There are 2 protein chains.
Amino acid sequence: MQPKALRAQSDPVFVQSLGKAMRVLEAFRDSDAPLSLAEISSRAGITRSAAQRIAHSFRELGYMRLSDDGRGFLLDLGILDLTYNYLRMHPLIRRATPILQELRRTVRERVDLSLFDGQRMVYAARLQSKREVFFATLIGHSVPTYCTSGGWAVLAMLPDNEVNTLLSTAEMRQVTPRTLTDPQAIREQIVLTRQNGHSLAIEQILMGEVAIGVAIPGPGNRPAGAIHIAGNLSEWQPEEFRRHVAPLASAAANAMI
Amino acid sequence: MQPKALRAQSDPVFVQSLGKAMRVLEAFRDSDAPLSLAEISSRAGITRSAAQRIAHSFRELGYMRLSDDGRGFLLDLGILDLTYNYLRMHPLIRRATPILQELRRTVRERVDLSLFDGQRMVYAARLQSKREVFFATLIGHSVPTYCTSGGWAVLAMLPDNEVNTLLSTAEMRQVTPRTLTDPQAIREQIVLTRQNGHSLAIEQILMGEVAIGVAIPGPGNRPAGAIHIAGNLSEWQPEEFRRHVAPLASAAANAMI
DNA sequence: ATTAATGTATTGCATTCCGATACAGTTGCA
DNA sequence: TGCAACTGTATCGGAATGCAATACATTAAT
C-alpha cells in the first residue's frame, strides 16, 4: 500500500481512516494468538493511539473483542455477518452449492469451490466427505494459483500472455517436496489441462492428496473460479481417480454456467 | 445506533468515519441484488457523497466491487480473508471441527456449530450429509435463540433471570406454523432440556426438520454456543431420532470442553 | 424525447482524527 | 521482592482529513 501522503495526493476520494482501520482487521493475518495494541500498531503500520481508537470502535461495532484474559484483541462474530451477506449474494456460490452437494454425494470425496483472485484461489465452499485437516474445512482459506488443481484449471482458461505474466510474477515456493515451481513444468500441466478439460494435481499443496480441478467460466468467458475434488493416495491411484472423478467434475462445472 | 453528534459526545474515542463505513458493509443485509450508491446511502443513513467515498475506498481495498453491469455494488472477496482469520483463530471452532467431522460421519445427518450471540445463534461450522437448502450451508447464517434446538440448549445453561430477560425482549415471530412463540411454552422446553441434557426441536425454523441441540460451555461456565444435529421427519420419528442422536451429540459436546 | 437514475469528480470549510502523553494495573524478570 | 516492561484506557490542542453540496457525462426508464 502506498504511503499515506502519496495516496491522498493520488486518490482524494480515498478515506484514509478507513484504510488504516481495515489494516487493523488485516493485522490478524499470520497471527496465532490475540494481538495487543502494540502488536496491532506494529503490524498495521499505525501509531498505538490510532490502534486504540480503531480497536475500540471495532469492539463497539461487534467486529473485534478483547480476549478472555483482557490481554489482547481478537476478531469477533460480526465478521460472520459480512461473510453471510457475501456468500448468499454471490451468483456463482448460489448456483454452485446444490450442484456441489450432489457431486459430493456421488464421488464421496471432498469437494471445494474456489474463486480466482490473481495469484491465489480463495475457497468459498467446502464440502467434506471424510475427516479433513482443519484448514481444509475453512471458508476463506486460500492457496496459490500456480500449484493447485483449481489454479491450473483457471490458468488453462486464460490466454498465454496472462499465464506468462502470472507465472513470472508469482512468488513460488515449495509447499510440499512435490510442488512444481518451474514455470515450464507448470506450463506443461496447463497444456495437459487444456487437452483434458481438467487438471490433475498430485501432492502439490498437501502430501498424500490427489485433486482434479475444472474451471468455471465467468463474465466475458474469463474464469471466475474452479471446482476441485480431492482424494487420498492411500485410497486411489491417480489415473483411477481421474477416470472416476473427471467426468463428474466436468459435468458439475458445466451445470454451473 | 446513536445519532452521530450524540455518539461523539458519549464516546470520544469512537471513530465516526469507521462507524459510517461499516454501516455501508452492513447495508447489504436484507439485500438480494447489487446496491446503488443511492440505496447504500439510504440504508446506511449517510449522504450519497459519503457513500461514494466509502464505497470507492472499500473497492480499492478489496472488500467491495462494482457489479458486472456497472450499475451497483457488491461485497468482494476480501471479506473471506477476514472470515478465515476469524475462524482459524477461534478456540472453540478449532477444537470443535474435528469432533464435528467425526460426529457427522457417525450420525450421517447435518451437523452444525453455532455461537451464542444474545437473541441469535450464528452458524460458525456447517457439515452437511445430504442435500440441504442453500441457507443451511452458509457460514454466518443466524437463527433466533428462542426457537431453535441450539438456542434452547444455550438458554437451558443460563440462570432463570437471564432466560426471562431474553424471552421478554425477543421479537418473536412465527417462522413456521409450528414455531413456539409463547414464552411459557419455551420455558417448558428449557426445563425439558435441563432434564435431558439436550433439546429436541421439531419444525421450529424449517418444516420437516427435527433437531437435537447440546450447549457448549465457555469461560465462566456460560454457554459459548451449541452443536445441533438436524434430520428429516420423512426419515425419522422424533423419539427415535433423539435415542439415536442425543448420546452422540452429548459426547461430542463434552469432548469440546 | 425527456426525465430520472447512475457513477464519478471537484472544492472550501469545519469537524474529526491524530499523536503524544499520562495513568493505573498486571506481568515478566533478575 | 523490587523494578522494568507491558498492558488497556483516558485526555487534549492542532491540523489534516472527511464532508456535503454541486456538477457532469452516461445510461436506463418512461
Side-chain angles (χ1 to χ4, degrees), chain A residues 1-24 27-28 31 33-61 63-76, chain B residues 1-24 27-28 31 33-61 63-76:
Chain A
M1 186 174 282
Q2 290 170 314
K4 184 185 74 175
L6 210 55
R7 186 58 166 271
Q9 284 168 2
S10 69
D11 190 351
V13 192
F14 188 80
V15 180
Q16 299 189 63
S17 302
L18 178 52
K20 268 184 184 176
M22 298 318 286
R23 291 214 303 285
V24 166
F28 290 91
S31 172
L35 296 179
S36 65
L37 287 179
E39 285 169 311
I40 289 173
S41 87
S42 171
R43 290 163 178 252
I46 62 178
T47 64
R48 212 171 75 91
S49 300
Q52 178 208 351
R53 281 190 300 277
I54 291 168
H56 171 79
S57 303
F58 274 134
R59 278 176 76 189
E60 290 292 308
L61 298 169
Y63 295 97
M64 275 170 69
R65 68 180 174 86
L66 209 48
S67 66
D68 295 328
D69 66 4
R71 299 285 294 186
F73 292 86
L74 288 159
L75 296 176
D76 204 3
Chain B
M1 187 174 280
Q2 291 169 313
K4 184 185 74 175
L6 211 56
R7 185 61 166 266
Q9 285 168 0
S10 69
D11 189 351
V13 191
F14 188 81
V15 181
Q16 298 189 63
S17 302
L18 178 51
K20 268 185 186 174
M22 297 318 286
R23 290 215 302 287
V24 166
F28 290 91
S31 173
L35 296 180
S36 65
L37 287 179
E39 285 170 310
I40 288 171
S41 87
S42 172
R43 289 164 180 251
I46 60 178
T47 64
R48 211 168 77 90
S49 300
Q52 180 206 350
R53 285 190 299 281
I54 292 168
H56 171 78
S57 303
F58 274 133
R59 279 177 75 191
E60 289 293 308
L61 298 168
Y63 295 97
M64 275 172 68
R65 68 180 174 86
L66 209 47
S67 65
D68 295 327
D69 67 2
R71 300 284 295 184
F73 291 87
L74 288 158
L75 297 175
D76 205 3

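Both backbone and side-chain heavy atoms feed into the values below; hydrogens, waters and symmetry mates do not. In this text, all values refer to a predicted model and were calculated from it rather than measured experimentally.
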Review point. Given the rule in the side chain to side chain contact (heavy atoms under 4.5 Å, CB included) test, do A:Lys20 and B:Val15 qualify, once you have shown the distances and angles that lead to the verdict?
Key: CA-CA 11 Å; A:Lys20 268 184 184 176; B:Val15 181; over 6 Å; no
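- The CG-P distance, from B:Leu74 to C:dG7, rounds to 12 Å in whole Å.
- The distance from atom CD of B:Gln16 to atom P of D:dT17 is 18 Å, rounded to the nearest whole Å.
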Close N/O contacts between protein and nucleotides 27-30 of chain D (under 3.5 Å):
none

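- A heavy-atom distance below 4.5 Å is not found between the side chains of B:Phe58 and B:Leu75.
- Toward the 5′ end of DNA chain D lies the nearest nucleotide of A:Arg59, the other residue of the pair A:Val15 and A:Arg59 mapping further downstream.
- Atom P of nucleotide D:dG18 and atom CG of A:Leu18 are separated by 9 Å, given to the nearest angstrom.
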Check your understanding: Can you list the steps and then say if B:Ser57 with A:Met22 is a side chain to side chain contact (heavy atoms under 4.5 Å, CB included)?
Key -> CA-CA 10 Å; B:Ser57 303; A:Met22 298 318 286; over 6 Å; no
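- Counting only distance, with no hydrogens or angles, the side chain of B:Ser17 and the backbone of A:Ser17 share no donor-acceptor pair below 3.5 Å.
- We find the CG-CG distance between A:Leu74 and A:Leu66 to be 8.5 Å, quoted to the nearest 0.5 Å.
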Exercise for review: Give the intermediate values and the outcome of side chain to side chain contact (heavy atoms under 4.5 Å, CB included) for residues B:Ile54 and B:Arg23.
Suggested key: CA-CA 10 Å; B:Ile54 292 168; B:Arg23 290 215 302 287; over 6 Å; no
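- With hydrogens and angles disregarded, no donor-acceptor distance shorter than 3.5 Å links the side chain of A:Ser42 to the backbone of A:Ala38.
- If you measure from atom CZ of A:Phe14 to atom P of D:dA16, you get 19 Å, rounded to the nearest angstrom.
- For A:Ser41 (side chain) and A:Ala51 (main-chain N/O), no donor-acceptor pair under 3.5 Å exists by modelled atom type.
- Summarising the geometry, the separation between CZ on A:Phe73 and C1' on D:dC6 is reported as 14 Å, rounded to the nearest angstrom.
- For C:dC18, one of the phosphate oxygens OP1 or OP2 lies less than 4.0 angstrom from a side-chain nitrogen or oxygen of A:Lys20.
- For A:Glu39 (side chain) and A:Ser36 (main-chain N/O), a donor-acceptor pair under 3.5 Å exists by modelled atom type.
- Rounded to whole angstrom, the span from the CZ atom of B:Phe58 across to the P atom of D:dG18 amounts to 13 Å.
- The NE2 atom of B:His56 sits 16 Å away from the C1' atom of D:dC19 (whole-angstrom rounding).
- The distance between atom CE of A:Met64 and atom P of D:dG8, rounded to the nearest whole Å, is 10 Å.
- One finds a side-chain N or O of A:Ser17 lying less than 4.0 angstrom from the OP1 or OP2 phosphate oxygen of D:dG18.
- A heavy atom lying under 4.0 Å from DNA chain C marks the following residues of residues 34-53 of chain B, by number: B:Ser36, B:Leu37, B:Ala38, B:Arg48, B:Gln52.
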